[in-house]
Amino acid sequence: MFQMKRKLKSDIAFDVVNFIVLGGFTLMILYPLYFIVIASISDPNQIYAGNVWLWPKSITFDGYRRIFSDNTIWIGYRNSLFYAALAAVISSVLTVMAAYPLSRKDLYGRNAVMMIFVVTLFFNGGIIPTYLLVKDLHMINTIWAVVLPGAVDAFAIIIARTFFQSLPDELREAAAIDGCTNLRYIWSIVVPLSKPIIAVLVLLAVVRQWNGFFDALIYVNDSSLYPLQLILRNILIQNQPSGDMLTDITTLVAQQKVTELIKFGVIIVTALPLLTLYPLLQRYFVKGVMIGSVKG
Amino acid sequence: MRKLKAARKNWELYLLLILPVAYFIIFRYVPMYGVQIAFKDFTPRAGIWGSPWVGLQYFREFFESYNFWTIIKNTVLLSLLNLLISFPIPIPIIIAILLNQLAREKLKKFVQTVIYAPYFISTVVLAGMIIVFLSPNSGLINHIIGAFGGEPVLFMSEAGWFRPIYIMSTVWQETGFATIIYLAALAGIDTHLHEAAVVDGANKWQRIRHIDLTGILPTITVLFILAVGNLMNVGFEKAFLLQTDLNIDASEIISTYVYKIGIQRAQYSFSAAIGLFNAAINLVLLLIVNRAAKKISGNGLF
């Protein structure tokens, strides 16, 4: 106790600095997110005048009304949901198919097969040869071009393999004595035991697919196949809200103001699905990073 | 013979491997084979195999092009700044160490929940947020500048602002998530070390310097090597999205240039050569840093 008291002085200074730095940093992260929310329901004239700081001013849902009245956002939403689901299935199934056999010490030649995967962490063909491949496979302007090229990566295989290696050998030996085949063992023992790692794989794939826009940008020019992020790019970056959103506004100035409002709104609309998944994402992504870092 | 028997026993496992291996061969190795077009005069009609060899012609063309040095400078500068300021070295380490010192578990959880969040925001949304916040007439930042009597700054159309914007947004988006590995490493440090140091009268600053930092040094080394190995791969997406005609003097980096030349203008061989050049630099950097780290600290990546 005596010791503790003596310590206090120099450490109080530390704690104060710590609180200020971490508090400031947390605010710096949080405020922009909060601002987008309040700006999306404020009158654009108030935003232009710089009156929106802490609370929404002259609350209006005009921005959201315009966003949802337009078809393109819905198409993008539907496409992105579909792509994300497809990517999640393809990615997790292929990753488990690669990772489980490689986790087995009694698999002859497993190091050689592992090398096939690991090499791709360090070498890749680059954008152009990949583009030419997708073109040769006649996948341009199909959903496969958006989903397949990035679906599986070696990093996910390493994470899953590390997890499978932690399953006890005795379990499999016992099952084998009972006459359980490898496939049956995987299906009825490994998969149920591996729900956490499968969740990691699914979420990794969903986030990557939901947030990605590059594959769609280079492989797809049919706008009915656009994922949400690409539609968002036209609105946010290129300042081109799609047709139906602004038809009733005549002056250019007013159009510009409503465009700003729409921008705030679409940011929220796009981020919402991942935001609702956030508690899950936080838990499983942290897990994924931990397992991945053990192996490095 | 024994091996053959073991292999036969596990035939189902080999069966499982077929599909993923086929995927990797098609989507990863075929493009690697396709890299040879960097040394050929590729035309879609003749195909990869049938196009004539031209040796280093396209590399030479790139080295001699008028914007070669600008692009190299932009790429190296952007990646170096990124490495030295935001990821993965200084800022995430500082935040992780401070978080680790927070005694109140609930507060720590709250801060973590907040700072991990931006990691899940897409690059498109991030770029959109940047543009909205920095907008000259409606942006928050310019309102603040205006409140102090300053003139509105045209952030997106001045080349000088490109790098600061890029780096600061990376700090905002990735710092939190980057702390996870360091927090895990810090949690692995033996608590007896801290207890003994307290008994010896060490304060928190001293304990951080001598116990925490020393303890996570191997982790820092590995992450540093990986980051340097990826130095020239500085994110295409954000640079591409934040690029405007007016800031192109700073924002044109190798990857955006490859996209422009290869995909938009369909000069496949030329842009494949640039991409290959970039990959080669990366590999050399990775090997050098790994070598150096092994010499200095005794632990490298391979």
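Each chain gets a letter, A, B and so on, in the order the sequences are listed, and its residues count up from 1.
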For [X], is it the side chain, the backbone, both or neither that has a heavy atom under 4.5 Å from a heavy atom of chain A?
{"X": "L242(B)", "result": "neither"}
{"X": "A127(B)", "result": "both"}
{"X": "A117(B)", "result": "both"}
{"X": "I263(B)", "result": "both"}
{"X": "I131(B)", "result": "side chain"}
{"X": "V21(B)", "result": "both"}
{"X": "Y116(B)", "result": "both"}
{"X": "I261(B)", "result": "neither"}
{"X": "S269(B)", "result": "neither"}

Which portion of [X] sits near chain B, non-hydrogen atoms under 4.5 angstrom:
{"X": "A271(A)", "answer": "neither"}
{"X": "L277(A)", "answer": "neither"}
{"X": "T181(A)", "answer": "both"}
{"X": "I116(A)", "answer": "both"}

Could you tell me which of [options] has the largest number of non-hydrogen atom pairs under 4.5 Å with chain A?
{"options": "W11(B), F42(B), Y29(B)", "value": "Y29(B)"}
{"options": "F120(B), F27(B), W205(B)", "value": "F120(B)"}
{"options": "G34(B), G128(B), P20(B)", "value": "P20(B)"}

Mark yes when over 12 heavy atoms from residues, nucleotides or ligands other than Y33(B) sit less than 6.0 Å from its OH; otherwise mark no. yes
Are more than 12 heavy atoms from other residues, nucleotides or ligands located less than 6.0 Å from atom OH of Y108(A)?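 Open: at most 12 neighbouring heavy atoms sit under 6.0 Å from OH of Y108(A).
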Going by the rule ring-ring contact (aromatic ring centres under 6.0 Å, His included), which residues pair with Y58(B) if we only count those two or more places apart in sequence or in a different chain?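 If we apply the ring-ring contact (aromatic ring centres under 6.0 Å, His included) test to Y58(B), skipping adjacent residues, there are no hits.
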Partner set under ring-ring contact (aromatic ring centres under 6.0 Å, His included) for F277(B), not counting sequence neighbours: F62(B), F63(B)
With a 3.5 Å cut-off and no angle check, do the side chains of Q243(B) and K260(B) form a donor-acceptor pair? yes
Shortest non-hydrogen contact between A202(B) and R207(B), atoms and distance: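 Nearest pair, atom of A202(B) first, then R207(B): O-CD, 3.9 Å.
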Should E260(A) and K257(A) count as an ion pair when the cut-off is N to O under 4.0 Å?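 Looking at K257(A) together with E260(A), the answer is no, because their closest N to O distance does not fall below 4.0 Å.
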